[in-house]
Student: 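What follows is a structure written as C-alpha cells; I'll ask about it next.
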Amino acid sequence: MLRAALKGLAAIGLLGLLVFGGFWTYYFVILPRDLPVPDLTVELTPQRVARGDYLANAVFGCMYCHSERDWDLFGAPIKPGTLGKGGEVFDAKVGVSGKITSGNITPYGIGDWSDGEIYRAIINGLHKDGYAMFPIMPFDVYLYLEPEDIYSIIAYLRTLDPVPGGPYPGRELSPIMTFVANSRVLPAAPWQIDKSDPVARGEYLAVIAGCRFCHTPADERMQPYEDMRLGGGLGMFANGKKVYSANISADNESGIGKWSERDFIERFKAYTDRRIPVADIGYQTQHAWTEYARLSETDLADIYAYLMAQPPVSNFVSPTGQ
Ligand code: HEC
Ligand code: HEC
C-alpha cells in the first residue's frame, strides 16, 4: 500500500517537475518569439511626418512616456527641451515590482536603429538587441496598428532634435515580469475596421490610445472586469499619490451619459496650451490632458460615438477615491 502510494506521489512529483520544467523552458528559453526585423525603408514625406507628430503626441502617448514630465502641473505636460529623451522611471513608486526606464527615442538614442528595428519594437515589443521589452509600453495593443500609421511615427521620430540622454541604467525585472514580457511578444494583427462607421473608428482609437484600458477597473493581476468596461475606478499612481480613473461610460448619473458630443470635445480642448498648477486642482492625474487637447475634433467625436454606443455602467468614482 505504502509503496504504491509513494510511487504514486513520486510519479505526481515527477509529472509536476516535468510540467513546471516544460513551462519554464517555454516561457524563459523558447520565448520570446524570434520575430524577424522587417526589411523596410520609410520615406520621409511631409504628410507622414505631420501625421506621425499627431499620432505620437496626441493619440498614442509615445512622447508622453518618452520625455521628462513636469509633475507640478496638472496632467504632467512634457518639459520643454526633453521631447523623446526618455528617462521616465517605472518602479515601486508607480506600483511596478522592478525598474524599467523608457529609452531615448530621438536620433541621439535610436539613430542607429533601422526602420525595421523600430517597427518591430513598436508592434512586437522586441528590443533591437532581441530581448522582450516590458509591456508598460503597450505594444500588446500597438500590434493592431495599421502599417501606414507606424511608418508615420517612424518618419516623425527621425525628425526629432537629437536630445542627449541615456542609455539609462539597467532594467530590473522579477521572474514574473520576465514571464509576462516574454509571453506578450506577438505577431502583428492589424485591426481591419469599417472606416465608414464612427463607432468602429472610435473603438480603434479608444483601445490604442489606452482610454479603455485606464478607464476599466481591473483585478490585482490587471485583468479588466469586462462587465464594468469604461466604468472607471482603476487606481494608479500619479507622482506618488493614488488617482482613480473616471467613469466614462454612457451612464447618466455616474458616467458621462448626459454630456453632449460638444461637451465632450470642449472638455478636452479646454486644456489647449494651459499650464495649471496641481495645487489649483488638488490632485495629480495620469490622464494626459495637455497632450489629448491636440486630439482632432473628428477623432474626439468618434471616441464619443463609441463610448455612447456601449452599455452604461453605474459606478460612482472620485479621482481621489474619497
Ligand atoms: C506607457 C508608457 C509608454 C508608451 C505610451 C510608449 N512607450 Fe516606448 N517604451 C516605454 C518603456 C518603459 C520602454 C522600455 C521597456 C523595457 O526596457 O522593457 C519603452 C521602449 C521603447 C523603445 C525601445 C528603446 C528604448 O530602450 O526605450 C522604443 C523604440 C519605443 N519605446 C518607442 C515607442 C513608440 C514609437 C511609442 C508610441 C507608438 C511608444 N514607445 C509608447 C514606455 C512607453
Ligand atoms: C493612463 C491612464 C489614462 C488614460 C490612457 C486615459 N485616461 Fe481619462 N482619466 C484618467 C484618470 C486617472 C482620470 C481622473 C482624473 C482626471 O480628471 O484627470 C481621467 C479622467 C477622464 C475624463 C474626465 C471625466 C469627468 O467626469 O470629468 C474623461 C472624459 C476621460 N478621462 C476620457 C478619456 C479618453 C477619451 C481617453 C483616451 C483618449 C482617456 N481618458 C485616456 C486616466 C486615463
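All values derive from a computational prediction rather than experimental measurement. Order of listing sets the numbers, starting from 1, for every ligand and every atom in it.
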Student: Hey, is Glu297 close enough to Arg262 for a salt bridge, meaning N to O under 4.0 Å?
Tutor: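 A salt bridge is present here (some side-chain N lies under 4.0 Å from a carboxylate O).
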Student: Enumerate the atoms of ligand 2 whose separation from the nearest heavy atom of Gly210 is less than 4.0 angstrom.
Tutor: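 Every atom of ligand 2 under 4.0 Å from some heavy atom of Gly210: 5 (C).
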Student: Do any nitrogen or oxygen atoms of Trp259 come within less than 3.5 Å of a nitrogen or oxygen of ligand 2?
Tutor: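 In this structure, Trp259 places no N or O atom under 3.5 Å from an N or O of ligand 2.
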Student: How does Tyr64 reach ligand 1, if at all, at less than 4.0 Å between non-hydrogen atoms: by side chain, backbone, both, or neither?
Tutor: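 For Tyr64, there is no contact with ligand 1 at all, from either part.
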Student: Starting from atom 22 (C) of ligand 2, what is the nearest protein heavy atom, named by residue and atom, and what distance separates them?
Tutor: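 Atom 22 (C) of ligand 2 sits closest to the protein heavy atom Trp289 CH2, 3.7 Å.
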Student: Indicate whether any N or O donor in one side chain lies under 3.5 Å from an N or O acceptor in the other, for Asp149 and Ser152.
Tutor: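 No, because no side-chain N or O of Asp149 sits under 3.5 Å from a partner of the opposite role on Ser152.
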Student: Any N/O/S of Met133 under 2.8 Å from atom 8 (Fe) of ligand 1?
Tutor: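 False for Met133.
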Student: For ligand 2, which is the ligand I care about here, please tell me if Thr285 has any N or O atom under 3.5 Å from one of the ligand's N or O atoms.
Tutor: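 So ligand 2 has an N or O lying under 3.5 Å from an N or O of Thr285.
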Student: Any N or O of Ser245 that comes nearer than 3.5 Å to an N or O of ligand 2?
Tutor: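 Looking only at distances, the answer is no, because the N/O contact criterion of under 3.5 Å is not met.
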Student: Would Ile105 count as a contact residue for ligand 1, given that I'm defining contact as a non-hydrogen atom of the residue lying under 4.0 Å from a ligand atom?
Tutor: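 The answer is yes: ligand 1 sits under 4.0 Å from a heavy atom of Ile105.
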Student: Does Tyr156 have its ring centroid less than 6.0 Å away from the ring centroid of Tyr54?
Tutor: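 Not close enough - the centres of the two rings lie 6.0 Å or further apart.
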Student: Taking Arg229 first and then Glu226, would you say they form a salt bridge - that is, a charged N and a carboxylate O separated by under 4.0 Å?
Tutor: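 Salt bridge present between Arg229 and Glu226.
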Student: Would Arg51 and Glu148 pass as an ion pair if we require N to O under 4.0 Å?
Tutor: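 A salt bridge is absent here (no side-chain N lies under 4.0 Å from a carboxylate O).
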Student: Could you check atom 1 (C) of ligand 1 against the protein and tell me its nearest heavy-atom contact, residue, atom and distance included?
Tutor: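 Of every protein heavy atom, Cys65 SG, 2.7 Å lies nearest to atom 1 (C) of ligand 1.
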Student: If I consider every N, O or S atom in His66, which one ends up closest to atom 8 (Fe) of ligand 1? I only need its name.
Tutor: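 When I compare the N, O and S atoms of His66, NE2 is nearest to atom 8 (Fe) of ligand 1.
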Student: Taking NZ, NE, NH1 and NH2 as the nitrogens, is one of them in Lys99 or Asp91 under 4.0 Å from a carboxylate oxygen of the other?
Tutor: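 Answer for the salt bridge query: no.
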Student: Once you restrict to heavy atoms under 4.0 Å, what part of His127 touches ligand 1? Side chain, backbone, both or neither.
Tutor: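 Near ligand 1, His127 shows its side chain, while the N, CA, C and O stay back.
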Student: How close do His127 and Trp113 get, heavy atom to heavy atom, and via which atoms?
Tutor: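 That closest heavy-atom pairing would be NE2-CZ2, 3.6 Å.
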Student: Can you find a non-hydrogen atom of Leu55 under 4.0 Å from ligand 1?
Tutor: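 It does not, in that no heavy atom of Leu55 comes within the 4.0 Å cut-off of ligand 1.
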Student: Below the 3.5 angstrom mark, is there an N/O of Arg267, backbone or side chain, next to an N/O of ligand 2?
Tutor: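 By distance alone, the answer is yes.
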Student: Output yes when Arg48 and Glu43 qualify as a salt bridge under the 4.0 Å nitrogen-oxygen rule, no when they do not.
Tutor: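 Glu43 and Arg48: not salt-bridged.
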Student: To the nearest 0.5 Å, what is the distance between CD (Gln47) and OG1 (Thr45)?
Tutor: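 So the CD of Gln47 and the OG1 of Thr45 are separated by 4.5 Å.
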Student: I need the nearest protein heavy-atom contact for atom 2 (C) of ligand 2: residue, atom name and distance, please.
Tutor: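 Protein heavy atom at minimum distance: Cys214 SG, 2.0 Å.
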Student: Taking heavy atoms and a distance under 4.0 Å, where does Pro138 meet ligand 1: side chain, backbone, both or neither?
Tutor: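 Answer for Pro138: side chain.
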Student: Answer yes when Arg201 and Asp194 have at least one side-chain N-carboxylate O distance shorter than 4.0 Å, and no when they do not.
Tutor: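 Salt bridge: no.
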Student: Among all protein heavy atoms, pick out the one at the shortest distance from atom 36 (C) of ligand 2; state its residue, atom name and that distance to 0.1 Å.
Tutor: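 For this ligand atom, the closest protein heavy atom is Cys211 SG, 2.8 Å.
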Student: In terms of residue, atom name and distance, what is the protein heavy atom nearest to atom 25 (C) of ligand 1?
Tutor: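 Closest protein heavy atom to atom 25 (C) of ligand 1: Gly103 CA, 3.6 Å.
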